[in-house]
Amino acid sequence: APHAQLLSNIEGAIQKVANEAMTPNEPAEESAQESNNAVRSARRDGSATAASESEIPFGVTAVDDYTLRVRLVRPDKNFPALVAHPVFRPVHERSEAQPQTTGESSVDGEKSNATGEANFITNGAFVLSRREPNSVVLERARNYWDAQTVKLERVRFVGMRSAEDAVAAYHAGEVDAVSNAAFEPLALKLFTPYKDFRRATFGAVTYYQFNMNRPPFDNLLLRRAFALAIDRNRLSRDVMGGATEPATSFLPKVEGGQQREDKTPSIEYDVAQARALLAQAGFAGGRGFPRVKLLVNRNDQQRVVAEAVAAMWRSALNVEIEVVIKSWEDYEAAFNAGDYDIVRRSLVMQTADETTNFSLMFGSGAKVEANMTGRQEQSNAAQTSDEQSVAELTSNEQPKAQQALPPILDETQALAQMPAVPLSFASSYALVKPYVLRLDANLLDVQSLKNISINTAWRAPQRDTVVRVQSSR
């Protein structure tokens, strides 16, 4: 399932695949069915009936009809927010098995609506009421556990063909808010002075990851030198037209739309220090440094960014960087094969939990779609001093288990080991009418409809009227 790794902090969620123990005489279909039954059993009573004795029992148990107990591997204060992610959504098995029917509209989700929707059983503050060609309508759920706190009666989501159409509808009063719009840089500059316009940091980071399995980036000094030689402010301001935010760390240092106190070190632009590190690594003035390749997927924006970063490295360190552009399929194959020196990566964060995000970036067993390499956990460097260089790491052809190092689990470890260089964070934009309350920005760019309300007493301010009177004597 997409994002299934988000469940990994639940005890017993990561289990050995049941059909791995299948004997040669067992039909594949029967083994798969047994595996499915084991999963269903684990969901219902908290035990993995078809699992081996060495496996950890699944840490989720239905205590009663209204209580679900979840046991975590490690504490996570963000877990209550994490379970709002789609991968955690419960499935009502009986209604899933029923064929679609037509019937009268119902706001509690127990009947299909007049448009022929399925029998959706939901447990949220709103339920699907109507689906139209370019919009969906949600209505307040009467059976929601905290229904008394829900302010809105109805929400209509409208799809627009372009940001221009969305702005036009907003000015015409057809919509009360615009979000997830891809505004052009010029539009952003025009909107900035207005109170209706909101800009916030979005938890999506773009970074360049080093191949630490082979020279030259098996050397910590060189990774740090390359990190310090990037002018991220200029990259975001000039190359990206102000559409991104400079990333001096891997995680945004904001919370609830506000800058948070963070004592974690940042990666600041420092050419002098970068050159000193390059010299300590044995390549003073860039002399003798090999020509390295920067791999990016085919995308005009990413090509421009890669060329700009390569020019910064050339200017600051006197090194040659070849930008290699491949189609997504070829890029994916090259990344998984480790055929790169530096590679462009990105992560759209699905949670605010620090450990989970670093696991997704640099953890083990991940695929290219999750923006990380399965070998990274074994190749991370442990040294934290500028004076120390990283020992020779595992090659792709000759893995050495004894060289495995602890995984990166937080910002401090990431900045110490420097497996990658953070470049920029994405921004989220919104236009919100002044009478719309509690449509708050957050890192995941997911607003809770439950908290939004309309100030019905709001009135547009009256413009001052100037009356000119000319008197004659």
Side-chain angles (χ1 to χ4, degrees), residues 2-3 84-86 105 113-118 120 122 124 126-139 152-206 236 239-245 257 296-305 327-328 346-350 369 424-449 452 454 460:
H3 306 297
H85 189 279
S105 179
N113 59 54
T115 61
E117 299 295 345
F120 288 110
T122 67
F126 291 84
V127 295
L128 179 63
S129 171
R130 190 168 64 255
R131 184 171 63 182
E132 300 166 346
N134 294 318
S135 66
V136 293
V137 178
L138 308 181
E139 296 201 21
L152 298 177
E153 290 288 342
R154 187 176 295 105
V155 180
R156 182 171 178 239
F157 287 95
V158 183
M160 297 288 180
R161 290 175 297 181
S162 66
E164 290 77 11
D165 289 345
V167 172
Y170 181 83
H171 282 302
E174 298 172 5
V175 295
D176 302 297
V178 173
S179 62
N180 299 323
F183 294 126
E184 295 294 332
L186 178 59
L188 295 177
K189 293 179 180 179
L190 295 175
F191 290 152
T192 298
Y194 293 92
K195 293 182 179 180
D196 283 16
F197 179 67
R198 300 180 184 180
R199 174 175 180 164
T201 302
F202 176 44
V205 60
T206 294
S236 291
V239 179
M240 298 300 295
T244 62
E245 300 175 38
V296 300
N297 56 297
R298 183 168 291 130
N299 176 289
D300 286 342
Q301 186 180 78
Q302 296 308 324
R303 174 186 58 80
V304 171
V305 170
S327 65
W328 177 254
S346 65
L347 174 71
V348 177
M349 300 170 192
Q350 305 298 314
E369 293 84 358
S424 62
F425 296 114
S427 296
S428 63
Y429 310 105
L431 292 170
V432 183
K433 297 288 188 181
Y435 50 78
V436 178
L437 308 179
R438 296 293 304 278
L439 201 162
D440 302 321
N442 56 63
L443 283 178
L444 304 183
D445 200 24
V446 178
Q447 290 80 27
S448 172
L449 297 178
I452 299 174
I454 299 294

* **Pairs meeting criterion ring-ring contact (aromatic ring centres under 6.0 Å, His included) with involvement of residues 153-186, two or more places apart** => Phe183-Phe191
* Mind checking whether Phe425 and Thr244 have side chains closer than 4.5 Å, heavy atoms only? -> no
* **Residue pair Thr201 / Leu443, side-chain heavy-atom distance below 4.5 Å** => yes
* Would you call Leu444 and Phe202 a side-chain contact if the rule is heavy atoms closer than 4.5 Å? -> no
* Side chains of Ser427 and Arg199: is there a donor and an acceptor less than 3.5 Å apart? -> yes
* Does the side chain of Asp176 come within less than 4.5 Å of Tyr435's, by heavy atoms? -> yes
* Residues Val178, Tyr429; criterion side chain to side chain contact (heavy atoms under 4.5 Å, CB included); working and verdict -> CA-CA 8 Å; Val178 173; Tyr429 310 105; over 6 Å; no
* Asked: What pair of heavy atoms forms the shortest contact from Val155 to Phe126, and how long is it?
  -> CG2-CE2, 3.9 Å
* Is Ile454 close to Lys433 at the side-chain level, that is, under 4.5 Å between some pair of heavy atoms? -> no
* Does any N or O in the side chain of Arg130 come within less than 3.5 Å of the main-chain N or O of Ser135, such that one atom is a donor and the other an acceptor? -> no
* To do: Calculate, to the nearest 0.5 Å, the distance between atoms CD and OG belonging to Glu245 and Ser424 respectively.
  => 9.0 Å
* To do: Taking the side chain as every heavy atom from C-beta outward, state whether Gln301 and Arg303 have any pair of such atoms under 4.5 Å apart.
  => no
* If every non-hydrogen atom of Val205 is compared with every non-hydrogen atom of Met349, which pair is closest and at what distance? -> CG1-CE, 3.9 Å
* Of all the heavy-atom pairs spanning Ile452 and Ser448, show the shortest one and how long it is. => CG1-O, 3.5 Å
* To do: Report the distance from atom OG of Ser327 to atom CG of Asn299, rounding to the nearest 0.5 Å.
  => 13.0 Å
* Do Val432 and Arg198 have side chains that get closer than 4.5 Å, going by heavy atoms? -> yes
* Asked: Is there a donor-acceptor contact under 3.5 Å from the side chain of Glu139 to the main chain of Val137?
  -> no
* Decide if atom CD of Glu132 counts as having more than 12 heavy atoms of other residues, nucleotides or ligands within a radius under 6.0 Å. => yes
* Could you go step by step and tell me if Val127 and Leu138 meet the side chain to side chain contact (heavy atoms under 4.5 Å, CB included) rule? -> CA-CA 5 Å; Val127 295; Leu138 308 181; over 6 Å; no
* To do: Sort out for me which residue in Val175, Val167, Asn134 forms a side-chain contact (heavy atoms from CB on, under 4.5 Å) with Met160.
  => Val175
* Structure fact -> d(Ser179 OG, Leu431 CG) to nearest 0.5 Å is 9.5 Å
